[in-house]
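Hydrogens, waters and symmetry mates play no part in the numbers below; they use all other heavy atoms, side chains included.
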Amino acid sequence: MDFLIVGFKASKLKPQLKMAVSRFQIASNKKSALMKQTMRDIAKLLAEEPQPKEEKARIRAESLIREDNTVEAYEILMLECELVFERVKLIQSMKECPEDLKSCISTLIWSADRVDIPELQEIRKQFRYKYGKKFEEACLNNVGGMLNERVVAKLSVQPPSAYLVQTYLEKIADEFKVDWKPAVKLGAEDLSAPMVAPIGYSVQVAPGTGLAPAGVPPPSNSGDGFGDDDWGSTSGSGSGGGGGMTVATGAASRSTGTSTLMDIPSAPAGPPSDKYDDIPSVTATAIPMPPSTAPGQSVAASSLDFEEPDIFIPAAPGQGGSSKASGASVGGKTTGLDSNADDRDDGSNAGGGGSSYDDLAARFSQLKK
């Protein structure tokens, strides 16, 4: 049942320290080989024609510096693992951490999460069993400055300074016999600051097709990140070769660095006067209407266009014989009524309360009007 007991075991710590040293050595050799290839790639970028790819080379150089720092930290951690391996018996015999080993043990615990060495996780666990969680937290927080400052600096996530990046580029150019000089001169304030973000001054015009005009050079590294050729030249006070560009609209313009950019013009107050000249004009024509008549006032029949309707006038009493023909004529028009209709009309007129034919004729004539 001893294998169920959780605690510090020197038999587990020693092999982990030994394997960690081997793992550090393998990782260092691998990274060193990759860094040599990276240096050759950077030299090719600096030797590009007609324009060296300096910005891309600086980014590669920053990655190279980070890998170089990691290998340097690996070398220091290897030494610390070897020292702890030789003093395992001392650690096992003492309840508290020896003063001369505090820096080594604390650095190994702190770097376990910052390097790709799995054996350091087991080493950290054994020291936690030995000295407790409070000691582990003190190591992670660097209480009392116990950590190795050089290892902390090399494994830091902070980017290298611009001066260090340029120094690496100059060393690589000298080693591979590349005639290169930095296009950007670093000022006193840029020496300790990180490398600035790329703005594209080292990118050639039309790099994909190579069809850039012969007289157009790559954009220069101006203060605002844009060269004169990025904007071209415009009529006004601008020049096409390389001086400041001036584009003015009306009397308003603003200046940025050595170039003058046009202001946004205001919208016109109305459409131009000649914009709608080609649209034909339309003249309104009034349509005369017939005059209205007062109630009871008649209108001449000649002024009306509709056809006069046929109105049947029944025959007078006692004149039914003349209307029994196939058609009766009234006013020169044929009524088209048969004799049976006349008989019915006679009967109705007879019972009409004594109305005479003259009264009916006068009434129909009034209706015709």
Closest approach of R58 to V165 (non-hydrogen atoms, all atoms of both residues): O-CG1, 3.8 Å
Nearest 0.5 angstrom please: Y168 OH to E62 CD, how far? 12.0 Å
Considering non-hydrogen atoms only, spot the tightest contact between P52 and P50 and give its length. CD-O, 4.0 Å
Minimal heavy-atom distance between L13 and F8, with the atoms involved, is CD2-CE1, 3.7 Å
Quick check: are there more than 12 heavy atoms from other residues, nucleotides or ligands sitting under 6.0 Å from CG of D174? yes
State, yes or no, whether a side-chain contact exists between R23 and P118 at a heavy-atom distance under 4.5 Å. yes
Run the numbers on K171 and E175 for salt bridge (Lys or Arg N to Asp or Glu O under 4.0 Å), then give the verdict. CA-CA 6 Å; K171 295 291 184 181; E175 182 177 350; over 6 Å; no
Does a side-chain heavy-atom distance below 4.5 Å link Y74 with V115? yes
Using a distance-only test with no angle check, is there a side-chain donor-acceptor pair under 3.5 angstrom linking S202 and E54? no
I would like to know whether V203 and K56 meet side chain to side chain contact (heavy atoms under 4.5 Å, CB included); could you show each step before the answer? CA-CA 9 Å; V203 179; K56 191 172 183 179; over 6 Å; no
Which is it for K102 and E99 under the salt bridge (Lys or Arg N to Asp or Glu O under 4.0 Å) test, yes or no, and what are the steps along the way? CA-CA 5 Å; K102 274 188 177 181; E99 290 295 332; 3.2 Å; yes
Determine whether more than 12 heavy atoms belonging to other residues, nucleotides or ligands lie under 6.0 Å from atom NZ of K130. yes
Any donor-acceptor pair under 3.5 Å linking the side-chain atoms of R40 with those of Q37? yes
Could you check whether the rings of F135 and Y131 sit parallel, tilted or perpendicular, using 30° and 60° as the cut-offs? tilted
Quick check against the 3.5 Å criterion: does S103 have a side-chain atom that pairs as donor or acceptor with the backbone of M146? yes
Are I123 and M19 connected, step by step, through hydrophobic side chains (Ile, Leu, Val, Met, Phe, Trp, Tyr) whose heavy atoms are closer than 4.5 Å? no
Sub-3.5 Å donor-acceptor pair from the side chain of D68 to the main-chain atoms of L64, do we have one? no
Heavy-atom check, side chain of Q121 versus side chain of D113, under 4.5 Å: yes
Donor-acceptor pair, distance only, cut-off 3.5 Å: does the side chain of S365 make one with the backbone of A362? yes
Heavy-atom side-chain contact between T38 and S63 under 4.5 Å: no
Can you tell if the side chain of L120 reaches within under 4.5 Å of the side chain of S111, non-hydrogen atoms only? yes
Specify the closest pair of heavy atoms between P15 and A10, including all atoms of both residues, with the distance to one decimal. CD-O, 4.5 Å
Residue pair W110 / V152: nearest heavy atoms and the distance that separates them: CH2-CA, 3.8 Å
Determine whether more than 12 heavy atoms belonging to other residues, nucleotides or ligands lie under 6.0 Å from atom CG of D179. no
Side-chain touch K154/I76, heavy atoms, less than 4.5 angstrom: no
same_hphob_cluster(L77, V88) at 4.5 Å side-chain heavy-atom cutoff: yes
Any cation-pi pair here, K9 with Y129, using under 6.0 Å and within 45°? no
In the structure I gave you, are the side-chain heavy atoms of L169 and P182 within less than 4.5 Å of one another anywhere? no
Are M78 and L83 linked, directly or through other ILVMFWY residues, by side chains that come within less than 4.5 angstrom of each other? yes
Check ion pair R124-E136 (N to O, under 4.0 angstrom): yes
Any heavy-atom pair between the side chains of N69 and I65 that's under 4.5 Å? yes
Honestly curious: do F85 and I109 fall in one hydrophobic cluster under the side-chain, below-4.5 Å linking rule? yes
